[in-house]
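Accompanying notes for the structure given below.
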Amino acid sequence: MNINWRYRYAKLSIALLFLIITMLQLLSLPGQFRHMRSMGAIKFWHEIFLTALMALIMLSAQIILISLWKSVELMAENNFYTTSSLKLLDRIVKALKFALICSVIMLTTILFQADDPGGPVALTALTLFISTLFVLTSLLRDQITSKVK
């Protein structure tokens, strides 16, 4: 059976995720924080701070998606267990670590101001998701390191 469709599907999914994340980064999230400030839920400086943190998390996601795109290309060429792949995984792990730090900062910032549990619960889920991806990707990097060296 031809497996090329899976590589194409993976690249299509990565491209669509990249577009959605870029849309969220540029349009949706700044508007959400502006709306929260207009409703009196947060102050102006919190809006700026939260918008910047979310932009950094989204930038991390974009870096991860670009690295995943390149990883899929290496897989399609049957060239995954190389130093190039290891460098891509290192980049993914670093971006996940950075996103995790930003997510924890955001969670602690919102946690003490929240009057509704929805935001903190959603941010807790996001933080756990990022931390799980960080740990799993670190383990994958370690496995590939043992194969490459």
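The figures here come from the full heavy-atom set of this structure, side chains too, leaving out hydrogens, waters and symmetry mates. What you see is a predicted model; the values in this text were computed from it and never measured. The chain is numbered in sequence order, starting from 1.
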task = Please confirm whether the backbone N or O of L100 pairs with a side-chain atom of S103, one donor and one acceptor, at under 3.5 Å?
result = no
ask   = What's the spacing between I105 CD1 and F49 CZ if we round to 0.5 Å?
value = 6.0 Å
request  = Determine, using the 4.5 Å side-chain heavy-atom cutoff (strictly less than), whether F18 and L68 are members of one ILVMFWY cluster.
outcome  = yes
key: With T22 via side-chain hydrogen bond (donor to acceptor under 3.5 Å, both in side chains) - residues at least two apart   = Q62
query = Donor-acceptor pair, S85 side chain versus T82 backbone, under 3.5 Å?
reply = no
ask   = Is there side-chain contact between L88 and L74, with at least one heavy-atom pair below 4.5 Å?
value = yes
query = If you look at every heavy atom in W69 and A15, which pair is closest and at what distance?
reply = CZ3-CB, 4.1 Å
message = Can you tell me how far apart CG (L96) and CD1 (I63) are? Round to the nearest 0.5 Å.
response = 10.5 Å
inquiry  = Looking at K11, I want to see if its NZ is surrounded by more than 12 non-hydrogen atoms of other residues, nucleotides or ligands under 6.0 Å.
reply    = yes
task = Find the distance between OG (S60) and CD1 (I21) and round it off to the nearest 0.5 Å.
result = 10.0 Å
ask   = Any donor-acceptor pair under 3.5 Å linking the side chain of T137 with the backbone of F134?
value = no
task = To the nearest 0.5 angstrom, please state how far the OG atom of S71 sits from the CG atom of N79.
result = 11.5 Å
message = Using the rule that Ile, Leu, Val, Met, Phe, Trp and Tyr join whenever any side-chain heavy atoms are under 4.5 Å apart, tell me whether M75 and L89 fall into a single cluster.
response = yes
request  = State plainly whether one hydrophobic cluster holds both L126 and V104, where clusters connect Ile, Leu, Val, Met, Phe, Trp and Tyr through side-chain heavy atoms under 4.5 angstrom apart.
outcome  = yes
Nearest non-hydrogen partners of L65 and I14, listed with the distance = O-CG2, 3.4 Å
message = Do M106 and L133 sit in one hydrophobic cluster, given that two such residues count as connected whenever their side-chain heavy atoms are within less than 4.5 Å of each other, even indirectly?
response = yes
remark   = Output for pair (L123 CG, I130 CD1), nearest 0.5 Å, gives 9.0 Å
ask   = Between Y7 and I64, is there a shared hydrophobic cluster once you connect ILVMFWY residues whose side-chain heavy atoms come closer than 4.5 Å?
value = yes
ask   = Which pair of non-hydrogen atoms, one from A99 and one from I57, has the smallest distance, and what is that distance?
value = O-CG1, 4.0 Å
query = Distance from I101 atom CD1 to F98 atom CZ, nearest 0.5 Å?
reply = 7.5 Å
message = Which heavy atom of A55 sits nearest to which heavy atom of Q25, and what is that distance?
response = O-NE2, 3.2 Å
query = Is there a side-chain contact between T145 and R141, using heavy atoms and a 4.5 Å cut-off?
reply = yes
message = Can you give me the closest heavy-atom contact between L128 and T132, atom names plus distance?
response = O-OG1, 2.7 Å
